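In what follows, a single structure is set out as structure tokens and then discussed.
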2 protein chains.
Amino acid sequence: MDAIRKDIHNSDVPVLCKACEARHRGVCGALSPSQLQSLSKSASRKKLGSGTELMGESLTASSYSNIIGGVVKLVKMLADGRQQIVGLQFAPDFLGRPFKNESALTAEAATDVSVCSFPRPVIEKMMSESPELEHKLLEQTLKELDEARDWMVTLGRKTAAEKVASFLLLIATNSDPENDGESAEFDLPLTRADIADFLGLTIETVSRQLTKLRKEGVIEVRNNRHVSVPHLERLADIAGF
Amino acid sequence: MDAIRKDIHNSDVPVLCKACEARHRGVCGALSPSQLQSLSKSASRKKLGSGTELMGESLTASSYSNIIGGVVKLVKMLADGRQQIVGLQFAPDFLGRPFKNESALTAEAATDVSVCSFPRPVIEKMMSESPELEHKLLEQTLKELDEARDWMVTLGRKTAAEKVASFLLLIATNSDPENDGESAEFDLPLTRADIADFLGLTIETVSRQLTKLRKEGVIEVRNNRHVSVPHLERLADIAGF
DNA sequence: CGTACGGTTGACGAGTGTCAAGGGTAGTGG
DNA sequence: CCACTACCCTTGACACTCGTCAACCGTACG
């Protein structure tokens with residue numbers, strides 16, 4: 001947390017940001033070293049335990065965050081308690097809904113999560129001054145929109161088996177990015193209840209489909225959480241692509 | 001209404017744009033009169049019959065458009081032919097996916113539609129020069145993302161009855177904007193098949209739910225297309241809010 | 001040792017999909 | 001003017017997927 005020690009050469013990029021993924025693939029890539037400097041003054045890194053609420057109707061989203069590690073779920077609830085996960089965010093995604101205070105949406109740490117957060121006003125000022133930042137945000141928003149629409153197909157038109165396979169593929173590509181040739185191996189970041197809420201199913205159906213995949217040899221499972229997929233292509237076939 | 005009269009002869013605004021909704025509520029509102037001038041040189045207005053494909057894997061989306069009137073559906077298809085409508089666009093929405101040529105998405109006129117279209121390169125040049133335009137696009141994209149996520153809840157967690165009621169409410173608020181107090185009356189812009197693809201149901205289920213609403217007196221239907229809703233609140237209750 | 005939590009499995013039933021038949025309306029050609 | 005076809009929609013009978021309810025297992029924790 002010894003934040004802003006700018007080294008003589010190698011530029012004025014704050015130490016905190018040096019190795020940060022958000023600077024390479026995330027929105028901070030849009031910022032100049034001096035902007036990073038001023039931003040990092042009000043930035044704070046936090047580690048949050050699984051289950052922590054990051055943003056919600058209660059705490060009126062007073063900050064924006066970059067996700068440094070872990071998985072965040074975006075949840076919507078109906079009046080009677082039914083809920084649907086409408087998005088998963090991984091590092092280095094940007095968390096927060098610009099230009100709006102409410103959101104009717106809850107963001108919750110699905111796993112332990114570390115974030116780098118900034119006060120709303122600071123980001124908003126910087127956005128109005130830096131078109132590059134807005135451009136990055138537009139790109140991320142378009143990406144999220146594409147993902148949301150892809151998932152709508154899964155929710156609306158796929159069977160339970162296809163849904164579970166689609167979910168496993170999604171996690172595989174996001175947790176095991178280098179290994180995306182033939183096989184994959186990863187820990188599920190979500191409980192069965194979360195998976196059900198993401199897929200529009202019940203816990204029981206998710207469980208049954210997972211054991212079905214296990215018995216068919218498509219996946220292996222250890223400790224209910226660790227999954228390995230010997231042949232990703234078999235999963236993809238089942239997922240319906 | 002007579003907004004941009006800031007100057008000597010207010011007629012720097014192209015005739016075509018004068019009465020255009022896109023200048024008030026759409027993305028063109030971000031443009032100066034001179035930008036509108038240069039844009040309108042390469043703009044073309046078209047009327048398209050219902051069923052026309054506006055953008056798809058085949059015609060590699062060589063243009064962007066503003067919707068002037070009518071309803072456009074955004075469709076995604078699975079390999080085996082199942083399809084899901086992932087969005088409906090009304091005037092004065094902007095149509096087109098910036099920064100990407102493919103899209104894995106088909107845009108099709110659901111009703112007769114009129115659009116104002118522009119060549120891709122012209123818009124992209126103007127976007128890189130005008131932060132206001134990008135800002136408008138960001139706002140529209142965020143709006144679409146919110147709508148997509150709302151719909152994910154409908155797709156994943158609502159029953160057939162709730163889905164159909166939600167759909168009717170959506171159309172009511174988009175087709176009858178002034179009348180949104182107590183009651184509403186409108187023409188459905190979609191066939192039963194389209195509604196089914198939008199709700200993740202079959203034609204038959206949609207039909208059955210509509211007759212159920214009719215028999216319960218929640219809606220009245222004429223010609224299979226014209227719907228009137230005496231008490232919107234009853235619909236909203238059924239929709240699950 | 002008891003309790004809480006997350007997960008699995010089974011029996012059953014409700015909600016939707018599937019398949020099939022038929023009605024209404026518009027357009028076309030005799 | 002009247003078939004004739006095509007399309008959109010409705011309705012019924014039935015099948016099947018998935019949700020509901022309940023019991024049970026394993027692990028972590030006090």
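Lettering follows sequence order; numbering is per chain, from 1. All of these numbers come straight from a predicted model, not from anything done at the bench.
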| query | Which residues satisfy the side-chain contact (heavy atoms from CB on, under 4.5 Å) test with Thr191(B), sequence neighbours excluded? | reply | Ala193(B), Asp194(B), Arg225(B)
| task | Could you tell me which residues satisfy side-chain contact (heavy atoms from CB on, under 4.5 Å) with Thr211(B), sequence neighbours excluded, listed by chain and number? | result | Arg214(B)
| Lys212(B): partners by side chain to side chain donor-acceptor pair (under 3.5 Å), with sequence neighbours left out | none
| query | Could you state the CD1-C1' distance from Ile203(B) to dC19(C), rounded to the nearest angstrom? | reply | 13 Å
| request: Please list, chain by chain and in numerical order, all residues satisfying side chain to side chain donor-acceptor pair (under 3.5 Å) with Thr52(B), sequence neighbours excluded. | output: none
| query | Considering only dT9(C), dC19(C), dG17(C), which nucleotide approaches the side chain of Thr202(B) most closely? | reply | dG17(C)
| query | What are the bounds, 5' to 3', of the part of DNA chain D that sits under 4.0 Å from heavy atoms of chain B? | reply | dC9(D) to dA13(D)
| Any residue of residues 206-227 of chain B with a heavy atom less than 4.0 Å from an atom of DNA chain D | Ser207(B), Arg208(B), Thr211(B), Asn224(B), Arg225(B)
| Asp80(B) CG to dG17(C) P, straight-line distance once rounded to whole Å | 15 Å
| said: Under the rule for side chain to side chain donor-acceptor pair (under 3.5 Å), what residues qualify as partners of His231(A), not counting sequence neighbours? | reply: Glu182(A)
| By side chain to side chain donor-acceptor pair (under 3.5 Å) - contacts of Ser166(A) (at least two apart) | Lys158(A)
| query | Taking NZ, NE, NH1 and NH2 as the nitrogens, is one of them in Arg82(B) or Asp197(B) under 4.0 Å from a carboxylate oxygen of the other? | reply | no
| request: Would you kindly give the CG-to-P distance between Leu190(A) and dG6(C), to the nearest whole Å? | output: 13 Å
| request: Mind telling me whether Phe167(A) and Phe198(A) have parallel, tilted or perpendicular rings, with 30° and 60° as the class edges? | output: perpendicular
| query | Please give, in whole Å, the distance from dG6(C) C1' to Glu204(A) CD? | reply | 12 Å
| said: My understanding is that only residues two or more places apart in sequence, or in another chain, count here; which of them pass side-chain contact (heavy atoms from CB on, under 4.5 Å) with Lys47(A)? | reply: Ser114(A)
Compile the donor-acceptor pairs under 3.5 Å between side chains in residues 233-241 of chain B and protein atoms, sequence neighbours left out, one pair per line.
residue   : atom : partner   : partner atom : Å
Arg234(B) : NH2  : Glu216(B) : O            : 3.2

| request: Could you list by number each residue of residues 152-170 of chain A showing a heavy-atom separation from DNA chain D of less than 4.0 Å, or answer none if no residue does? | output: Thr159(A), Ala160(A)
| Set of residues satisfying side-chain contact (heavy atoms from CB on, under 4.5 Å) with respect to Glu108(B), sequence neighbours excluded | Lys73(B)
